[in-house]
Number of protein chains: 2
Amino acid sequence: MSLEDHKLKVFCTVAETKSFSKTSEIVHLTQPAVSLQIQALEEYYETKLFDRTSNTISLSPSGEVLYKYAKYILALYSAAEKEIAKITGHTKGNVTIGASTTIGNHILPTVIFDFKKMHPKVKMNIYIENTRKIMELLNTGAIEFGLVEGEMSKYKVTLEPIIQDELFLIIPQNHPWVKRKVVSLAEITKEPFITREDGSGTRQVTEKYFSSKGLKFKDINLAITIGSTESIKEAVESGMGISIVSKWVIRKEIKYGSLVALSIKEGRLNRNFYLVMNKNAIISHAVTEFLTFLREYPYDDLLNS
Amino acid sequence: MSLEDHKLKVFCTVAETKSFSKTSEIVHLTQPAVSLQIQALEEYYETKLFDRTSNTISLSPSGEVLYKYAKYILALYSAAEKEIAKITGHTKGNVTIGASTTIGNHILPTVIFDFKKMHPKVKMNIYIENTRKIMELLNTGAIEFGLVEGEMSKYKVTLEPIIQDELFLIIPQNHPWVKRKVVSLAEITKEPFITREDGSGTRQVTEKYFSSKGLKFKDINLAITIGSTESIKEAVESGMGISIVSKWVIRKEIKYGSLVALSIKEGRLNRNFYLVMNKNAIISHAVTEFLTFLREYPYDDLLNS
DNA sequence: TAATAACATAAAAATTATTTATAAATCATC
DNA sequence: GATGATTTATAAATAATTTTTATGTTATTA
């Protein structure tokens, strides 16, 4: 049960998604319920708020006016909640996150577990998808913010580096290099190399690194392309080749020794994970608290635990 | 069915009246309903909004915060409605007026009749009370604005002269002065004089006029004091004495000749009727429209009709 | 023209708000 | 301090609203 004006929330979502049915998914109602909410508003103001004549829905002049005020009103509800929560110390509500694979599978579970210890009443919802899908979810309003690998500069969102990452070369425990700490790119090119599919954030950053060192991706001895990092780890473990993956996905394997991580002589392979949000987003108190928690989280401890 | 957030409206009214039961009257709910609304808010924010320990209710710190935002939010609902109504041309809603006797009985009926012709969907509610009672109703929020005779400067309200009034001496149709246009104060003191009770706006302004002309009220030949202007007219008509009343209350009697109105030689007896409103009031579109109508109304036509 | 996708409508079900009736608490007064 | 008056709280019943399920309509696409 939320306090904010439900009708206005539904109205804004329709205005933003330009779709009654998409809205119904986002606000967790059925499509007829959305229709009725909008109809109730239209009846109250005695004016159509949307033009539904053509295929795409658009705001009427009155709708534009209402949208302007509705956003403002909803922002005030949120601000009131935030200010009261600051006084009482109670945090509750929903946090709906979209995270790309690595973050969603390897970082968020522990972070959320720790956050819930502090704020047990906050309900967390996590979508794990690839970066492009996350950006779409953000665009429609299905998630409140995203945690992604790449810098998706083409979307009109705010972008904030939030977690540091480093990629390492991984080899199986019976590989001749296991006693070494560092290998050169020249050596790597001779080994069978396993990589993620084109479009993967990990692959993108790896290619970029190679080319910055004067190496083309086709110079690599490409053994296999696999669509999942988990499978890559298994493939490397079973001796099918070597690969380059995020330090976050191999924590367990390094600990138990089934994989060995090596640095590359030519330099570190760093990248950031990013927090992405819609520029005009209304941020609830629960989300604000979670973002603060995310920004201050001791990721190094998590990595070494 | 209003759109604005009902819970916030109730909450604000409680905050302003400092009473659940008074609020229940103003918002047209029963007292338990008000209790439940406030409880729902308190449950949602997980904090008390009012201290009810002592006899007088007061806002808690969280309550203060919510009140600040609630007023803001309600003002925005109202502004949205106003802006949309400007586009669509539909005016509706409620207008709750408090008017003092003369205005309520002799001016408002026709004005409201004319207003309803333009805006048939607006519901008008009129309380007719003496000026002091009107100010109290305004203070508790029971009415949205008042139309009163006196200048109630001790209340923290906005004051705007809105209708001009003039008081005249009235005599019965068989009185020796019927052919005259003007009589002097000296002559008046010799006739039996009928007056309203102490506290009446008409009596106040008459006393003030007399004393400004160097005449004390006790110099007058006071025949009777009557609590209603209607009764005064009847008393004058039946020859019990003369009186001084507003031009607004004797329109019919002048027209049919049962009373004759004379000027006073020493000078006109003018006064204003005032529009009074709470300084922090949130004004709905319907009220805005009605006030504009009031300000632009051709009162002289009404008077001579 | 049939199939699909999106929104609208109607009746039933679920949820929420409100009232009636009553209890508990707080003051003021004797 | 008891007593009565006033104010707020609670509980069960009722009323009103919201939401869903089921179905219909319309526009678009293949």
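Atom set for the values below is all heavy atoms of this structure, side chains included, hydrogens, waters and symmetry mates excluded. First the proteins, then the strands, lettered A, B, ... as listed; each starts at 1. Note that this is a predicted model, so its numbers are computed, not measured.
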Suppose we screen for side-chain contact (heavy atoms from CB on, under 4.5 Å). Which residues come up paired with A:Thr96, at least two apart in sequence or across chains?
A:Asn125, A:Tyr127, A:Ile143, A:Glu144

Exercise: identify the closest heavy-atom pair between B:Lys116 and B:Val122:
NZ-O, 2.8 Å

Just how far, in rounded Å, is P of C:dA17 from CD of B:Gln39?
13 Å

Nucleotide nearest A:Leu36 when distance is taken to its side chain, options C:dA17, D:dA9, D:dT20:
D:dT20

Gap between atoms CG and P, on A:Asp5 and D:dT18 respectively (whole Å):
10 Å

With A:Asn278, which residues qualify under side-chain contact (heavy atoms from CB on, under 4.5 Å), at least two apart?
A:Leu138, A:Val157, A:Asn280, A:Ala281

A:His6, nearest nucleotide to its side chain (from D:dT19, D:dT8, C:dT9):
D:dT19

Please report the distance, rounded to the nearest Å, between CD1 in B:Ile38 and P in D:dT7.
17 Å

Nearest-Å distance, CZ (B:Arg52) to P (D:dT10)?
9 Å

Give a yes-or-no answer on whether the side chains of A:Thr88 and B:Glu46 include a donor-acceptor pair shorter than 3.5 Å.
no

Between B:Ser21 and D:dT8, is there a contact of a side-chain N or O with OP1 or OP2 at under 4.0 Å?
yes

Quickly work out the B:Asp51 CG to D:dA9 C1' distance and round it to whole Å.
17 Å

Calculate the interatomic distance between A:Lys7 atom NZ and C:dT16 atom P; express it in whole Å.
13 Å

N or O in side chain of B:Ser35 less than 4.0 angstrom from D:dT8 OP1/OP2:
no

Report yes if the distance between the aromatic ring centroids of A:Phe11 and A:Phe50 is under 6.0 Å, otherwise no.
yes

Neighbours of DNA chain D within residues 57-64 of chain B, by heavy-atom distance under 4.0 Å
B:Ile57

Take atom NZ of B:Lys18 and atom P of D:dT8, then tell me their distance rounded to the nearest Å.
12 Å

Should the heavy atoms of other residues, nucleotides or ligands under 6.0 Å from NZ of B:Lys68 be counted, would the total exceed 12?
yes

To the nearest Å, give me how far apart CD (A:Gln37) and C1' (C:dA8) are.
15 Å

Do the side chains of A:Glu42 and A:Arg52 get close enough for a salt bridge, i.e. N-O under 4.0 angstrom?
yes

I need the residues from residues 25-34 of chain A with at least one non-hydrogen atom less than 4.0 Å from DNA chain D; give them sorted by number, or say none.
A:Leu29, A:Thr30, A:Pro32, A:Ala33

Who are the side-chain contact (heavy atoms from CB on, under 4.5 Å) partners of A:Lys133, not counting sequence neighbours?
A:Glu129, A:Asn130, A:Glu136

Partners meeting side chain to side chain donor-acceptor pair (under 3.5 Å) with A:Ser24 (sequence neighbours left out)
none

